[in-house]
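To start, the structure under review is shown below, and the notes come after it.
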Number of protein chains: 2
Amino acid sequence: MNYKESHKLLLSNVSRFINLTELEKQKYISLLTEIKVKKKDFLMQAGEITKYEYFIIKGCLKVYTLDEEGAPHISMFAIEDYWTGDLSSFMTKEPSRYYIKATEHSELLGISRENYDLLFREIPKFERFYRILYQKSLISYIRRSNYGISLTAEERYLEFKKKYPQIVSRITQKDLAAYIGITPEFMSKIITKVNRT
Amino acid sequence: MNYKESHKLLLSNVSRFINLTELEKQKYISLLTEIKVKKKDFLMQAGEITKYEYFIIKGCLKVYTLDEEGAPHISMFAIEDYWTGDLSSFMTKEPSRYYIKATEHSELLGISRENYDLLFREIPKFERFYRILYQKSLISYIRRSNYGISLTAEERYLEFKKKYPQIVSRITQKDLAAYIGITPEFMSKIITKVNRT
DNA sequence: TAAAAGTCTTAAACTAGTTCATTTTTTTTC
DNA sequence: GAAAAAAAATGAACTAGTTTAAGACTTTTA
C-alpha cells in the first residue's frame with residue numbers, strides 16, 4: 001500500500017525492532033493523530049495531564065521544567081525520527097511538571113493513552129517494540145545521569161556537541177545552557193574558550 | 001508448587017506486571033543461575049563483557065565507574081528486590097566500563113544473555129514484563145538525570161535520603177558522596193549542616 | 001525597514017564545591 | 001582485644017560556575 005511520507009517515517013522507525021504485516025501497519029496508523037505546532041507554541045504545559053506520546057516527523061521541540069525561581073531546565077531536545085512526551089504523566093495520569101515548546105514549526109504523530117493501551121491488546125508485538133525502545137533510552141539516560149554528576153560543564157558541552165552535532169546548530173546557546181545545567185553567561189565563556197583552543 | 005524463598009521473591013517481583021502459569025514459572029526459574037558474593041568482592045569489573053543481569057535476593061551492591069584520576073562515580077546502589085547489571089554491555093556484548101562490588105554479603109539470581117533471549121521466545125509475556133520494568137526505570141532515570149544538573153549537592157542529598165531512607169543507613173558517607181557527585185569532605189559538611197538545622 | 005525584543009559577550013564580585021593536610025572516630029583483621 | 005586500616009570531621013587556600021550589570025549584535029514584529 002501507499003503511505004504518506006509521515007507514516008512512512010514512523011513505520012520505518014518501528015521496523016527497526018519489529019516486522020508488521022500490511023494489516024497491522026494500517027491498524028497502527030489508524031490509532032495515531034496528526035499534530036502541527038508553530039514555532040514558540042506549546043505542545044503541552046506544566047499542570048496538564050499528558051494526553052499523548054509524540055513521534056516527530058519534522059521540526060524541533062524542547063522539553064523543560066521551570067524551577068522555583070522560574071529558571072528553565074531543559075530535559076531533552078526532540079527532532080525528526082525521535083519520540084518525546086512526558087512518560088511519567090502519560091503513564092500515571094498525574095499532572096505533568098513539563099512544558100514542551102516548538103523551537104521550529106513542527107509536525108508530529110501522537111498516540112493517546114487509550115490507543116497506546118489498545119495497541120498492546122491488538123498487536124502484542126508492540127510490547128517488544130517498546131521493550132527495545134525503552135531499553136535503548138534507558139541505556140542512554142543511565143549514561144546521561146552519570147555525566148551530570150561526574151563531568152565538568154565544559155566536558156558535558158563537548159559530549160553533547162559530539163553526540164548531537166545536528167542539534168547544536170539548530171538551537172540557541174541559551175537553550176543549550178539550560179540543557180547542560182549552567183548559566184548562558186558561562187556557556188558563552190565555554191564556547192569562547194573551546195573555539196580559541 | 002513449593003518454591004525456594006529466593007525464587008518466591010523473584011516470582012513476586014515479576015507478578016507485579018504479568019501473570020505466569022505454574023509451567024511458565026518453572027521454565028523461568030530453570031533459566032536462572034544462583035550467585036553469592038562476599039562483602040568487598042566484585043560481581044564484575046570494567047573491561048569484562050557482562051554475562052548476566054542480576055536480581056538481588058539479599059545484600060547490597062554498588063555499581064560504579066572510575067574516572068581518569070581513579071575517582072569512583074557510583075551509578076546505583078542495588079538492594080533486595082532490585083535488578084542490576086550493566087544493561088549496555090549486556091545488550092551490545094561490548095566490554096563494560098562498570099565495576100559492581102558487594103558492600104554486604106549478597107545473594108543474587110542471574111540471567112545470562114542466551115537465556116534472556118530464549119525467555120522472550122519461550123514466554124513472550126516477558127516482553128511485556130521488561131517493557132514495563134524498563135519504562136519505570138526510564139522514568140526514574142529521566143528524573144535523576146535532571147536532578148544532577150539542576151539541583152545543588154545539598155538538595156540531591158535530601159532527595160536521596162527521602163527516596164531511599166533504607167539505603168542511606170546501609171552505606172558509607174564516602175560512597176554516598178560518590179553517588180551524589182561530590183567529595184567526601186563536602187558530603188561531611190552537608191551532613192553536619194543538615195543535622196544542625 | 002524601524003523599533004522592539006531577545007541573544008550573546010565581557011567583566012567584576014561572589015558562592016558552591018574542591019583540594020590538601022591533619023586529627024579523631026569507627027571498623028576490620030588477626 | 002590490640003593493631004592496622006578505613007571513614008569521618010575540620011579548616012585554609014583554591015577553582016568552577018553564578019550573579020549582576022552593561023553594551024553589542026541578531027532576530028522578530030508591526
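Below, all heavy atoms of this structure are taken into account, side chains as well, without hydrogens, waters or symmetry copies. Here is the naming used below: chain letters follow the sequence lines, and residue numbers restart at 1 for every chain. Fair warning: this is a prediction, and the values are worked out from it, not measured in the lab.
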### Task
Starting from P on dA16(C), measure out to CG on Leu151(B) and report it in whole angstrom.
15 Å

### Task
For Phe186(A) and dA21(D), give me the distance from atom CZ to atom P, rounded to whole Å.
21 Å

### Query
Counting any heavy atom closer than 4.0 Å, what does Thr183(B) reach on the DNA or RNA strands: base, sugar-phosphate only, or nothing?
base

### Task
For Lys193(A) and dG17(D), give me the distance from atom NZ to atom P, rounded to whole Å.
9 Å

### Task
May I ask whether Ile49(A) and Phe90(A) are part of the same hydrophobic cluster, defined by side-chain heavy atoms of I, L, V, M, F, W, Y residues being less than 4.5 angstrom apart, directly or through others?
no

### Nearest-nucleotide pick for Glu185(A), side chain only, options being dT20(D), dT18(D), dG17(D)
dT20(D)

### Query
Which nucleotide in the list dA16(D), dG17(C), dA12(C) gets nearest to the side chain of Lys189(A)?
dA12(C)

### Query
Leu176(B) CG to dA8(D) C1': how many Å, rounded?
13 Å

### Query
If we ignore angles and hydrogens, is there a donor and acceptor under 3.5 Å between the side chains of Tyr134(A) and Gln135(B)?
yes

### Task
Measure from CZ on Arg156(A) to P on dA16(D) and round the result to the nearest Å.
13 Å

### Task
Provide, to the nearest angstrom, the distance between the CG atom belonging to Asp67(A) and the P atom belonging to dT19(D).
10 Å

### Query
Given dA8(D), dA16(D), dC8(C), which nucleotide is nearest the side-chain atoms of Lys174(B)?
dA8(D)

### Summary
Residues Glu24(B) and Asn19(B): closest non-hydrogen pair is OE1-O, 4.1 Å

### Query
Hey, is the side chain of Lys40(B) poking within less than 4.0 Å of OP1 or OP2 on dT28(C), counting only N and O atoms?
no

### Task
Determine the contact category for Ser188(B): base if any of its heavy atoms lies under 4.0 Å from a base atom, sugar-phosphate if only primed atoms, P, OP1 or OP2 are that close, otherwise nothing.
base

### Message
What's the closest nucleotide to the side chain of Gln173(A) if the choices are dC8(C), dA11(C), dG17(C)?
### Response
dC8(C)

### Query
Whole Å only: how far is the CD1 atom of Ile190(B) from the C1' atom of dA8(D)?
14 Å

### Query
When the distance from CD1 of Ile191(B) to P of dA7(D) is rounded to whole Å, what number comes out?
14 Å

### Task
Show your working on salt bridge (charged side-chain N to carboxylate O under 4.0 Å, His left out) between Glu34(A) and Lys4(A) and close with a plain yes or no.
CA-CA 12 Å; Glu34(A) 290 186 22; Lys4(A) 282 203 215 179; 2.3 Å; yes

### Query
Just one of Phe126(A), Tyr130(A), Phe129(A) clears the side chain to side chain contact (heavy atoms under 4.5 Å, CB included) bar with Arg131(B), so which one?
Tyr130(A)

## Note on the structure
Of the candidates dT10(C), dA7(D), dT18(D), the side chain of Thr172(B) sits closest to dA7(D)

### Side-chain N or O of Lys39(B) closer than 4.0 Å to phosphate OP1/OP2 of dT28(C)
yes

